[in-house]
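Within every chain, numbering begins at 1; the chains are lettered A, B, ... in the order of the sequence lines, protein sequences first and strands thereafter.
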Protein chains: 2
Amino acid sequence: MFALNITEMSPGKIPQYRQLYETLRRHIVDGLYRENDLLPSENELCKLHNLTRPTVRKALDLLSNEGFIKRHQGLGSVVHKLPKGIGILSISGTTTAIGKENLETRTIIKPSLTSWPDSFPFSLSDHEKEVGCMHFSRLRLVNGKPVIYDISYIPNINLPRFSARNLDNKSLFNILRSAYRIEVKGGEQYIKAINAPDPDICRILDIKPDTPVLHLQRRIDTNRLNFYLYSILYCNTSDHSLYGIF
Amino acid sequence: MFALNITEMSPGKIPQYRQLYETLRRHIVDGLYRENDLLPSENELCKLHNLTRPTVRKALDLLSNEGFIKRHQGLGSVVHKLPKGIGILSISGTTTAIGKENLETRTIIKPSLTSWPDSFPFSLSDHEKEVGCMHFSRLRLVNGKPVIYDISYIPNINLPRFSARNLDNKSLFNILRSAYRIEVKGGEQYIKAINAPDPDICRILDIKPDTPVLHLQRRIDTNRLNFYLYSILYCNTSDHSLYGIF
DNA sequence: TATTTGTACTTGTAATTACAAGTTGGAAAT
DNA sequence: ATTTCCAACTTGTAATTACAAGTACAAATA
């Protein structure tokens with residue numbers, strides 16, 4: 001009761017429900033809880049972490065929304081089987097969803113300042129058009145094989161030294177958060193199946209021409225008003241399905 | 001304060017936060033609120049509907065999670081642009097852009113009792129294997145053109161007269177809810193891009209062989225413990241992308 | 001005029017209390 | 001031995017209160 005933890009003092013503190021969520025999530029993905037195990041009941045979690053039920057329930061809501069647990073009235077919160085695919089369909093990120101498999105990220109196009117592409121799948125504001133964008137692309141490999149080619153466009157607000165950063169094997173989101181205080185909140189995406197569109201992408205993904213690939217167009221929300229990240233992805237799903245909950 | 005509405009009396013009542021969610025959602029898709037409009041503030045909604053802030057916030061949480069609004073601290077809840085694609089990636093997706101008039105559902109394989117397919121993408125419990133399954137398939141058309149072919153498998157619990165039901169132009173979920181009190185809660189899905197796998201499906205979707213299609217494998221949760229619906233979908237995304245938020 | 005400050009809003013987080021509703025398992029009755 | 005019932009859990013819904021933090025705008029200040 002009288003002990004203040006670090007987060008209660010610091011200005012950029014993480015909410016308590018968020019901390020509990022992270023803790024439980026880590027316990028689940030680390031295998032501390034296994035499939036069909038019951039989590040401690042809400043009241044037990046309250047006592048364990050010195051929180052109240054609404055706060056605990058907010059953490060469990062997050063876990064439930066992301067498919068880590070399933071709650072049953074009268075029974076408890078049941079741990080869900082961990083997904084086998086790539087969890088790119090939800091915000092949690094590629095890195096966590098791949099699991100223990102070897103994930104690698106390589107920069108293909110280094111960050112540079114350009115104007116927006118002629119044909120862009122999302123409508124841009126006048127301000128976005130005016131300032132142009134930071135453009136770069138990365139390739140994600142699972143066990144050494146190319147799986148996702150991610151082409152990114154970020155409106156050119158002031159991001160000092162961004163083009164000098166090494167994006168290999170790092171999460172873009174983490175860099176944005178730690179270096180620029182930009183928090184990624186979610187977004188919208190359009191998905192279709194296409195044949196690999198051009199020889200460049202075939203070469204990058206190491207696939208034959210006319211192999212079917214998933215095509216994703218995403219607009220990603222941030223904590224800054226009217227500041228979005230844009231991303232176009234090509235996924236070779238022959239070995240790895242994309243996984244999502246709904 | 002003293003007026004009891006219908007839901008407070010009835011046994012199968014709908015929670016108040018759910019009712020408010022439905023109301024606001026309808027207002028948004030009907031165009032009462034337009035893109036970038038501000039919803040009434042939480043306190044205003046409290047007064048308007050005689051609710052308290054936690055209840056109102058639960059309704060807004062739902063809208064936010066489903067991408068209908070975006071909330072900004074200090075500003076308010078901003079109505080999001082309605083999606084252009086087919087909102088099949090989430091459980092309560094909209095097909096607003098297409099419009100109800102232009103949506104049609106045809107039964108291709110009529111419901112019948114069979115055993116499970118030899119190769120099934122999800123692992124089945126002993127009980128599920130034992131009872132076999134109800135099997136049927138439907139085709140969704142937009143403006144008369146086939147877009148989604150949906151092959152469904154439902155474990156054969158006692159569903160009286162199910163095979164006699166007409167699934168055309170009706171929501172399977174509505175039938176399950178009203179006739180059998182089975183509520184659909186969400187689920188998990190695996191997505192990949194493939195070439196149209198066999199002549200039957202090419203014919204049904206009216207596409208040429210080797211056209212790339214989206215392949216979805218879904219397991220759908222219900223309010224009954226250990227009772228899942230299974231669905232395999234083939235989507236021709238050449239004219240309509242699938243839409244989702246994350 | 002340009003800048004700063006403050007105020008009145010907005011949503012975000014959190015504790016507290018109360019009861020409803022579903023599940024489980026053991027005690028009591030048959 | 002079997003069934004019924006109840007008590008003790010579980011999660012679900014809801015009201016209430018309080019303060020923190022972000023935004024917008026107008027007033028005061030430089």
Side-chain angles (χ1 to χ4, degrees), chain A residues 1-2 4-5 7-21 36-47 49-65 69-79 181-183 185 221-227, chain B residues 1-2 4-5 7-21 36-47 49-65 69-79 181-183 185 221-227:
Chain A
M1 276 303 187
F2 301 101
L4 294 178
N5 61 35
T7 63
E8 288 178 83
M9 305 183 285
S10 59
K13 71 175 173 185
I14 300 169
Q16 304 189 81
Y17 74 89
R18 186 92 203 161
Q19 294 181 47
L20 177 56
Y21 157 78
N36 293 328
D37 278 0
L38 278 175
L39 285 190
S41 78
E42 296 177 357
N43 284 321
E44 282 171 339
L45 288 172
C46 290
K47 285 171 197 158
H49 298 88
N50 270 302
L51 300 171
T52 56
R53 237 187 111 209
T55 307
V56 166
R57 281 182 65 78
K58 264 193 101 165
L60 295 178
D61 282 346
L62 282 179
L63 289 170
S64 179
N65 283 335
I69 63 171
K70 213 179 135 184
R71 295 155 100 187
H72 296 282
Q73 190 172 359
L75 178 61
S77 295
V78 181
V79 174
R181 295 181 178 277
I182 293 174
E183 305 263 358
K185 295 171 96 174
D221 299 331
T222 69
N223 58 341
R224 295 203 191 176
L225 258 169
N226 301 316
F227 180 69
Chain B
M1 278 301 188
F2 300 101
L4 293 179
N5 60 35
T7 62
E8 288 179 81
M9 308 183 282
S10 58
K13 70 174 174 185
I14 299 169
Q16 305 188 80
Y17 74 88
R18 186 91 204 160
Q19 294 181 46
L20 176 57
Y21 156 78
N36 292 327
D37 278 359
L38 278 176
L39 284 190
S41 77
E42 296 177 357
N43 283 322
E44 282 171 340
L45 288 172
C46 291
K47 286 173 197 159
H49 298 88
N50 270 301
L51 300 171
T52 56
R53 234 185 114 210
T55 308
V56 167
R57 281 182 65 79
K58 265 193 101 166
L60 296 178
D61 282 345
L62 282 180
L63 289 170
S64 177
N65 284 336
I69 62 171
K70 212 179 136 186
R71 294 155 98 187
H72 296 282
Q73 191 172 357
L75 178 61
S77 295
V78 181
V79 175
R181 295 181 176 279
I182 294 174
E183 305 262 359
K185 295 171 96 174
D221 300 332
T222 69
N223 58 340
R224 294 203 192 177
L225 260 171
N226 301 316
F227 180 69

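- Nearest nucleotide to the B:Gln16 side chain, out of D:dA14, C:dT11, D:dT23: D:dA14.
- Along DNA chain C, the nucleotide closest to A:Pro54 and the one closest to B:Glu44 are compared, and the more 5′ of them pairs with B:Glu44.
- A:Glu183 places its CD atom 15 Å from the P atom of D:dA21, with the value rounded to the nearest Å.
- Atom CG in B:Leu45 sits roughly 10 Å away from atom P in C:dT10 (whole-Å rounding).
- Between A:Asn43 atom CG and D:dG12 atom P the separation is 12 Å, expressed in whole Å.
- Between C:dA15 and A:Thr55, a contact under 4.0 Å exists linking OP1 or OP2 to a side-chain N or O.
- Under 4.0 angstrom from either OP1 or OP2 of C:dT13 there lies at least one side-chain N or O belonging to A:Lys58.
- The interatomic distance linking A:Leu38 (CG) with D:dT11 (P) rounds to 8 Å, in whole Å.
- B:Pro15 comes within contact range of the sugar-phosphate backbone alone, with a heavy-atom separation under 4.0 Å but no base atom that close.
- Side chain A:Arg18 to base C:dG12: no donor-acceptor pair is found below 3.5 Å.
- Distance from the side chain of A:Arg71 is smallest for D:dT11 among the nucleotides C:dT11, D:dT11, C:dA15.
- Here D:dA15 presents its P atom at 16 Å from NZ of B:Lys47, a figure rounded to the nearest Å.
- Put simply, the side chain of A:Gln19 gets close to the backbone of A:Ile14: a donor and an acceptor are under 3.5 Å apart.
- Counting only heavy atoms from C-beta on, A:Leu51 has its side chain closest to C:dA15 among D:dT10, C:dA15, D:dA15.
- Of the residues near DNA chain C, B:Asn223 and B:His72, the one whose nearest nucleotide (by heavy atom distance) lies more toward the 5' end is B:His72.
- Judged by atom type and distance alone, A:Arg53 reaches the base of D:dG12 through a side-chain donor-acceptor pair under 3.5 Å.
- Note that the CG atom of A:Leu63 and the CZ atom of A:Arg71 stand 8.5 Å from one another [nearest 0.5 Å].
- The separation between A:Leu225 atom CG and C:dT11 atom C1' is 12 Å, rounded to whole Å.
- OP1 or OP2 of C:dT16 has not a single side-chain nitrogen or oxygen of A:Thr52 nearer than 4.0 Å.
- Nearest-nucleotide positions on DNA chain D for B:Leu75 and B:Tyr17 put B:Tyr17 closer to the 5' end.
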